[in-house]
Amino acid sequence: MLFEEIRLNKDLIKSVQDSDFAEHDYDNDKQRQALRINTSLRKLYQVLSEESHEYPLVKNINAFSARYAQDYFFDITAEMLGMLTAYEPKEVYTDASAIIERKLMGKLCKFDFRTAFYCGLKTGNLAIEIYKFIDQPVWYIFYPSRNIFLLCDYDLLSNINTGTEVTRNDRIVQELLDKNDQLQSSASIIRINIPAEVKNLLAENYKKISDINFLQNIAGFDAQANILKAMLNTDMI
């Protein structure tokens with residue numbers, strides 16, 4: 001039973017490692033998401049400038065966090081999330097579909113909306129995405145659940161532990177590997193610690209079934225059983 005569980009764990013490890021949520025998919029989608037954000041911000045600037053009622057954000061702009069937050073975003077506290085997403089109403093532009101900090105919009109226009117995905121942060125079911133201006137030490141957040149864009153103080157980011165990025169799949173694989181090590185150790189101990197009476201019984205049974213006359217004995221038993229059965233059927237006893 002122990003070795004069967006080890007085998008099943010190995011099969012599960014292979015299945016997890018072949019999962020669709022591979023790291024190269026995440027890396028590719030980070031670039032696509034940055035393109036969606038930059039395109040959306042350009043459109044948002046146009047909508048705000050022209051006082052248009054068009055929807056400025058690219059379709060599925062919120063899907064990135066929904067797909068990858070659980071596996072690839074770093075954990076932060078609810079207090080940290082509150083600090084990163086706080087803003088003064090007078091310091092933002094408000095559209096029917098999005099909110100953006102005025103200073104952030106000014107910097108985006110100045111540097112031609114050229115930004116890249118930096119990292120993702122999460123607390124519970126809430127997630128935010130961090131972006132950095134290309135070639136500029138400027139960071140901002142995108143809060144997908146509320147479509148908010150705000151400048152970000154890098155000093156706050158520097159306090160976040162980003163040195164232990166372990167995905168859910170990685171954790172599952174490591175747990176299964178640890179479990180198999182424990183099962184292997186248990187199997188070895190069980191082999192060594194078989195009680196003496198069990199070993200003697202096994203030895204006796206092995207001697208019996210390895211005896212050359214074993215099959216003959218079985219044939220004799222079958223013959224006796226058949227005779228008894230016939231006697232019962234004919235009321236001879």
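Numbers here simply count residues along the sequence, with the first being 1. All heavy atoms count here, side chains included; hydrogens, waters and symmetry mates do not.
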Roughly how far apart are [X] [atom1] and [Y] [atom2], rounded to 0.5 Å?
X	Y	atom1	atom2	value
L176	E5	CG	CD	9.5 Å
I76	L121	CD1	CG	4.5 Å
R36	D29	CZ	CG	6.5 Å
I130	F74	CD1	CZ	11.0 Å

- What class does the angle between the rings of Y68 and F64 fall in, given that below 30° is parallel, 30 to 60° is tilted and above 60° is perpendicular? tilted
Identify each donor-acceptor pair in which a side-chain atom of residues 46-59 lies under 3.5 Å from a protein atom, sequence neighbours left out, and give them as a table.
| residue | atom | partner | partner atom | Å |
| --- | --- | --- | --- | --- |
| S49 | OG | Y45 | O | 2.8 |
| S52 | OG | E54 | N | 3.1 |
| E54 | OE1 | K43 | NZ | 3.0 |

- Message: According to salt bridge (charged side-chain N to carboxylate O under 4.0 Å, His left out), does anything in residues 116-138 pair up with another residue at least two apart or in another chain? List the pairs.
- Response: D75-K122
- Message: Holding to side chain to side chain donor-acceptor pair (under 3.5 Å), I want the full list of residues that pass it with D178, two or more places apart in sequence or in another chain.
- Response: Q174
- Message: List the residues meeting side chain to side chain donor-acceptor pair (under 3.5 Å) with R146, not counting sequence neighbours, and say none if there are none.
- Response: none
- Out of curiosity, does L12 fall in the hydrophobic cluster containing L177 (side-chain heavy atoms, cut-off under 4.5 Å, transitive links)? yes
- Identify whether L157 and M83 are in the same connected component of the hydrophobic contact network (ILVMFWY, side-chain heavy atoms under 4.5 Å). yes
Under 4.5 Å between any side-chain heavy atoms of [X] and [Y], yes or no?
X	Y	value
M80	T77	yes
Y154	P137	no
D153	L156	yes
Y143	L150	no

- Item | Which residues share a ring pair (Phe, Tyr, Trp, His ring centres under 6.0 Å) with Y140, sequence neighbours left out | Y131, F133
- Task: Could I get the full list of salt bridge (Lys or Arg N to Asp or Glu O under 4.0 Å) partners for R7, not counting sequence neighbours?
- Result: E4, D11
- State whether the side chain of Q33 and the backbone N or O of I61 hold a donor-acceptor pair below 3.5 Å, judged by distance alone. yes
- Item | T123 side chain to L126 backbone, donor-acceptor under 3.5 Å | no
- Message: Could you work out, with side-chain contact (heavy atoms from CB on, under 4.5 Å) as the rule, every residue matching L2, not counting sequence neighbours?
- Response: L183, S186, A187, I190
- With sequence neighbours left out, what residues match N62 under side-chain contact (heavy atoms from CB on, under 4.5 Å)? F142, P144, N147
For residues 84-95, which side-chain N or O atoms pair as donor and acceptor with protein atoms under 3.5 Å away, sequence neighbours left out?
| residue | atom | partner | partner atom | Å |
| --- | --- | --- | --- | --- |
| T85 | OG1 | L81 | O | 2.7 |
| D95 | OD2 | S97 | N | 3.0 |
| D95 | OD2 | S97 | OG | 2.6 |

Name every donor-acceptor pair, under 3.5 Å, that has one atom in a side chain of residues 103-114 and the other anywhere in the protein, sequence neighbours excluded.
| residue | atom | partner | partner atom | Å |
| --- | --- | --- | --- | --- |
| D112 | OD1 | R42 | NH1 | 3.4 |
| D112 | OD1 | R42 | NH2 | 3.1 |

